[in-house]
Amino acid sequence: QVQLVESGGGSVQPGGSLRLSCAASGFTLDYTMIGWFRQAPGKEREGVSCIGRNAGSSYYADSVKGRFTISRDNAKNTVDLQMNSLKPEDTAVHYCVVSSTMVGSWCLGRSNVKYWGQGTQVTVSS
């Protein structure tokens with residue numbers, strides 16, 4: 001069974017940091033693009049960041065550039081998202097995803113998501 005399991009969510013103050021992790025099982029990531037989406041209550045689900053097989057092909061939403069860093073470990077079948085300088089507007093359920101694309105920023109589009117994780121809550125408040 002294909003499964004994506006997120007961990008690392010929680011509650012932090014503005015300016016704080018969290019590191020999300022996603023472990024994939026039931027398949028090998030190989031050349032797939034993987035990453036993270038998020039959805040705040042009453043808002044559309046949006047792409048946050050995604051990454052190709054190597055670190056040279058990574059993409060970020062404008063709202064998180066300079067604050068978040070995505071990484072993957074192909075040997076371990078995992079992808080992480082380091083989130084720094086968190087803001088209240090980052091509050092959302094965060095989903096690990098596997099894209100149906102293999103290259104390019106299309107991995108940030110909802111229509112290109114092949115698999116979804118169950119989600120983990122990130123809350124940023126003072």
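Note that this is a predicted model, so its numbers are computed, not measured.
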Original post:
Mind checking whether Phe68 and Met33 sit in one hydrophobic cluster, side chains of I, L, V, M, F, W, Y counted as touching below 4.5 Å?
Top reply: no
Subject >> Spatial distance of atom SG (Cys50) from atom CZ (Arg72) [nearest 0.5 Å] >> reply: 10.5 Å
Original post:
Could you go step by step and tell me if Ser99 and Asn112 meet the side-chain hydrogen bond (donor to acceptor under 3.5 Å, both in side chains) rule?
Top reply: CA-CA 6 Å; Ser99 177; Asn112 294 319; 5.5 Å; no
Original post:
Do the numbers put Arg38 on top of the ring of Tyr95, so that NZ or CZ is under 6.0 Å from the six-membered ring centre and no more than 45° off the axis?
Top reply: no
Original post:
Cluster question for you: counting only ILVMFWY and a side-chain heavy-atom cut-off of under 4.5 Å, with indirect links fine, are Leu81 and Val97 together?
Top reply: no
Subject >> Donor + acceptor pair across side chains of Thr78, Asp73 (<3.5 Å) >> reply: no
Subject >> ring-ring contact (aromatic ring centres under 6.0 Å, His included) partners for Tyr115, two or more places apart >> reply: Phe27
Original post:
So, for Ser17 and Asn84, which heavy atoms are closest and what is the spacing to 0.1 Å?
Top reply: OG-OD1, 2.9 Å
**OP:** Spell out, yes or no, whether Phe37 and Leu86 are grouped together once hydrophobic residues are joined by side-chain heavy atoms under 4.5 Å, including indirect joins.
**Re:** no
**OP:** Enter the distance from Cys96:SG to Trp116:CH2 here, rounded to the nearest 0.5 Å.
**Re:** 10.5 Å
Original post:
Same cluster for Met83 and Ile34 if Ile/Leu/Val/Met/Phe/Trp/Tyr side chains link at under 4.5 Å?
Top reply: yes
Original post:
Between the main-chain N or O of Val48 and the side-chain N or O of Tyr59, is there a donor-acceptor pair closer than 3.5 Å?
Top reply: no
Original post:
What are the two closest heavy atoms between Ile70 and Ser58, and how far apart are they?
Top reply: CG2-CB, 3.9 Å
**OP:** Could you grab the distance from atom SG of Cys22 to atom CH2 of Trp36, nearest 0.5 Å is fine?
**Re:** 5.0 Å
**OP:** Validate the cation-pi geometry between Arg53 and Tyr31: distance from NZ or CZ to the six-membered ring centre under 6.0 Å, angle to the ring axis within 45°.
**Re:** yes
Original post:
Is the backbone N or O of Ser85 less than 3.5 Å from a side-chain atom of Arg67, with the two atoms forming a donor-acceptor pair by type?
Top reply: yes
Original post:
Under the 3.5 angstrom rule, does the side chain of Ser49 hit a backbone N or O of Gly35 as a donor-acceptor pair?
Top reply: no
Subject >> hydrophobic_cluster_shared for Leu20 and Val113, side chain cutoff 4.5 Å >> reply: no
Original post:
Any side-chain donor paired with an acceptor under 3.5 Å for Glu6 and Gln118?
Top reply: yes
Subject >> Nearest heavy atoms of Leu108 and Ala61, plus distance in Å >> reply: CD1-N, 4.3 Å
**OP:** Applying side-chain hydrogen bond (donor to acceptor under 3.5 Å, both in side chains), run through Asp80 and Ser71 and close with a yes or a no.
**Re:** CA-CA 5 Å; Asp80 290 356; Ser71 61; 4.6 Å; no
Subject >> Atom pair NE2 (His94) and CG (Leu18), whose distance is rounded to the nearest 0.5 Å >> reply: 9.0 Å
Subject >> Residues Arg110 and Glu46 bridged, charged N to O under 4.0 Å >> reply: no
Subject >> Lys65 with Asp62: basic N within carboxylate O range, under 4.0 Å >> reply: yes
**OP:** Could you tell me which non-hydrogen atom of Ala40 sits nearest to which non-hydrogen atom of Ala92, and how far apart they are?
**Re:** N-CB, 3.7 Å
